[in-house]
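Here is the structure we will look at, set down as structure tokens.
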Protein chains: 2
Amino acid sequence: MTTQTRATLEDVARLAGVSSKTVSRVYGGAASVSPTTREAVLSAAKRLRFRPNTLARSLRSGGVTNTVAFVIGDIRNPFYFHVAAGIERELAERGLTMILATTDDSPDSESVVVDALIAQRVRALLLIPISDDQSYLEGERQLGMPVISVDRPARDLVADAVVLDNRSGMAEAVRSLTAIGHRRIGFVSNPSEMYTLHERLTGYREALREVGVTDTARWERLDNDPSITAEEAVRSLLESDDPPTAIVTGNNRATTGAMRVLRERGGDVALIGFDDFELADMLGISVVAYDTMELGRAAARLTLERLDDPTGFTRQVVIPTRLVQRGSGEIPPPAA
Amino acid sequence: MTTQTRATLEDVARLAGVSSKTVSRVYGGAASVSPTTREAVLSAAKRLRFRPNTLARSLRSGGVTNTVAFVIGDIRNPFYFHVAAGIERELAERGLTMILATTDDSPDSESVVVDALIAQRVRALLLIPISDDQSYLEGERQLGMPVISVDRPARDLVADAVVLDNRSGMAEAVRSLTAIGHRRIGFVSNPSEMYTLHERLTGYREALREVGVTDTARWERLDNDPSITAEEAVRSLLESDDPPTAIVTGNNRATTGAMRVLRERGGDVALIGFDDFELADMLGISVVAYDTMELGRAAARLTLERLDDPTGFTRQVVIPTRLVQRGSGEIPPPAA
DNA sequence: AGCCGGGATGTCAGCGTTGTCTCGACGTGT
DNA sequence: ACACGTCGAGACAACGCTGACATCCCGGCT
């Protein structure tokens, strides 16, 4: 009574009394099939619970699937999944499916994971680069596979990319602090990815240089040693000979860490974080915010663009940031 | 100079001077190939940038892919993502890939989305059911497709499931409140899914009945009207004739809402939320917590189990909850 | 010398689908 | 009555791969 095996075009054709090609035509759309035949086919298909086999279809039609891969480092990071959400949304509108793959933040596994995806003949590749060389993708690119780099540019590979306006976002934050009189401003970052850190740090230095502060090294705490937490970094800053009157952080984990320390110490040090986070409004934390989902959407749009025009010039899309003032960033320095 | 089309087994075979079957054997693993030949094949493959075509392989070998689908309502919900993370982790260890699909919380699109996934011949189907009838999956189940229901049981379908211990989790929370003297306890929930809401509400009522409180209706605010926010619900509760001295919430959005209202009113009403959330520790909010990733991991393990033993009895895994006391839930009633 | 076993390789067909080509039937215009 | 175009439908091959089976060669045994 139960079908042991899945129905194929042939099965449907046999039941409907037509050839398999006719069934194919019914599903394929375009070609001409008489209404009577179409009906017969559809009812047979329904009876057999027929589902066209996308695999076979893809194989026949030049190996093109409707699947796009998004490669991320660590799926637990909420940042990544907001981006993924944006991608998924935008792709779904074009009937593309997103498949998510992770490298567990291990640079070595990046190319392994990507290889597996290519073996699955994904239609395009979106990735947050973590290895320091993406040149292994050059061949794919030449074969027409769109490669889109997200959150940071690819290394040694010409590829479309979507990045944040890291530098000016951070500069804006620091300027808002110097505007109210701060000069000694700390920069704290958790171990984090080189590119974004570098850009944000540059923005920080630029903004301070504008008000004549050039020797910022003593206020920079960017330990890439994962054993040193942002909390410790902030404590060491505040206990130094020349403690800052304000702190900016390089990412949201650092912001939370800094927040905890500043809270327990009482609140006269200003704080502005990079990356918005839930409940930041409630906690009164000023941040450099941006539309995380839009980062994904933009990446997806770039993908579609590249699919439509494989030989076009590669583009880099920059997502703007904005300073959200909620209190913590508007605390003036002690002696004004 | 650039290969215009992707290399196939044939191409590699020709270059290596062997038959395509031999190349297949090199990649397939098991069979015996002399070291010399293997070398020749591998170097030819490398030269041609050959990547085996998983699609073709799957097609040939009975249409089985290594892809598992996870169907969720709204990808922006962080809850889903933690679950997805758990699934991905657990599946990756077995070489399975997770593909994420969303229904945009529209019950009607559930079966459409699932259909598309089946057309892709996914190996198993994990879903957070949102339509009120999953019987359309019965055929697939009979064809041996594992169907795992996550966070709530499937409707009208025998399927493995992973759920939270909603009822006793909530009961524990309420008991902790009655233990310190609360009797008038409000239950506030945002519009949310029926099953979990029902279970949690039942736990709430049970715990109150244990201390002789049976008429709880006046303290229940479970508007499924999305236009009524949790904030409003809490306000209306507090302004009623018989205001509660403590509030429990049915999900994390409701918790945040309640928290905001209680904060602005000053803090003599106790609050325990269902679902943990980031920074809850910092805000001192007591919650019923559970391991979100574990929910996903358990679902994935169930999937693997069902793949290994397609005819075994279906199981329901219950993820335990635990009460995390952080202050807001330990506020005693005014007149103790 | 003749036979057997087994390792290394090849041949062939077919997985489910669709592109290409072909064929028959029917309608139209002269 | 005949040529011609159009439309619906089928036959066949092929997409890239692997399972089943065949073949070949060589060492070891009687």
Side-chain angles (χ1 to χ4, degrees), chain A residues 3-42 44-45 48-66 115-116 118-123 143, chain B residues 3-42 44-45 48-66 115-116 118-123 143:
Chain A
T3 327
Q4 267 319 316
T5 165
R6 221 175 271 278
T8 71
L9 280 185
E10 289 298 337
D11 301 326
V12 177
R14 207 173 305 122
L15 182 60
V18 297
S19 83
S20 66
K21 179 67 221 200
T22 300
V23 182
S24 162
R25 275 192 266 256
V26 170
Y27 281 87
S32 51
V33 180
S34 79
T36 332
T37 318
R38 160 169 274 114
E39 269 317 303
V41 167
L42 288 177
L48 296 177
R49 288 213 191 83
F50 170 71
R51 304 257 192 283
N53 186 333
T54 318
L55 265 57
R57 198 196 299 244
S58 296
L59 182 58
R60 184 61 240 263
S61 344
V64 190
T65 62
N66 282 323
D115 254 28
I118 292 171
Q120 287 186 53
R121 295 298 184 266
V122 294
R123 188 97 169 265
L143 285 168
Chain B
T3 326
Q4 267 318 316
T5 164
R6 221 176 269 280
T8 71
L9 280 187
E10 290 296 338
D11 301 327
V12 176
R14 208 172 306 122
L15 183 60
V18 297
S19 82
S20 66
K21 178 69 218 201
T22 301
V23 182
S24 161
R25 275 194 265 257
V26 169
Y27 282 88
S32 51
V33 180
S34 79
T36 332
T37 317
R38 160 167 274 114
E39 270 317 304
V41 167
L42 287 177
L48 296 177
R49 289 214 191 83
F50 170 72
R51 303 259 192 279
N53 185 334
T54 317
L55 267 56
R57 194 198 301 246
S58 296
L59 182 59
R60 183 63 237 265
S61 342
V64 192
T65 62
N66 282 323
D115 255 27
I118 292 172
Q120 287 186 55
R121 296 299 185 265
V122 294
R123 186 97 171 263
L143 286 169

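Every chain is numbered from 1, with letters handed out A, B, ... down the list of sequences.
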Legend entry - Closest to the V33(A) side chain, choosing from dT11(C), dA9(D), dC17(D): dA9(D)
Inset, instruction - Compare the minimum distances between each of dC17(D), dT17(C), dG10(D) and the side chain of N53(B), then state the nucleotide with the smallest one. - result: dC17(D)
Legend entry - Note, R38(B) side chain near R25(B) side chain (heavy atom, < 4.5 Å): no
Legend entry - A56(A) side chain, from C-beta outward: closest of dT18(D), dC15(C), dT17(C): dT17(C)
Legend entry - Options dT9(C), dT20(C), dC15(C), nucleotide nearest the side-chain atoms of K21(A): dT20(C)
Inset, instruction - Look at T22(B) and dG10(C) and indicate whether a side-chain polar atom (N or O) is within less than 4.0 Å of OP1 or OP2. - result: yes
Legend entry - Among dT18(D), dA11(D), dG16(D), the nucleotide that comes nearest once only the side chain of S19(A) is considered: dA11(D)
Inset, instruction - Would you indicate, yes or no, if dA9(D) has its OP1 or OP2 atom less than 4.0 angstrom from a side-chain nitrogen or oxygen of T37(A)? - result: yes
Legend entry - N/O donor-acceptor pair, side chain R25(B) with base dG19(D), under 3.5 angstrom: no
Inset, instruction - Verify whether one side chain among E10(A) and S20(A) offers a donor that lies under 3.5 Å from an acceptor in the other. - result: yes
Inset, instruction - Mind calculating the distance between OH (Y27(B)) and P (dT18(D)) to the nearest angstrom? - result: 11 Å
Legend entry - Donor-acceptor under 3.5 Å (T22(A) side chain, V18(A) main chain): no
Inset, instruction - Measure from the side-chain heavy atoms of R60(A) and tell me the nearest of dG19(C), dT9(C), dG10(D). - result: dG19(C)
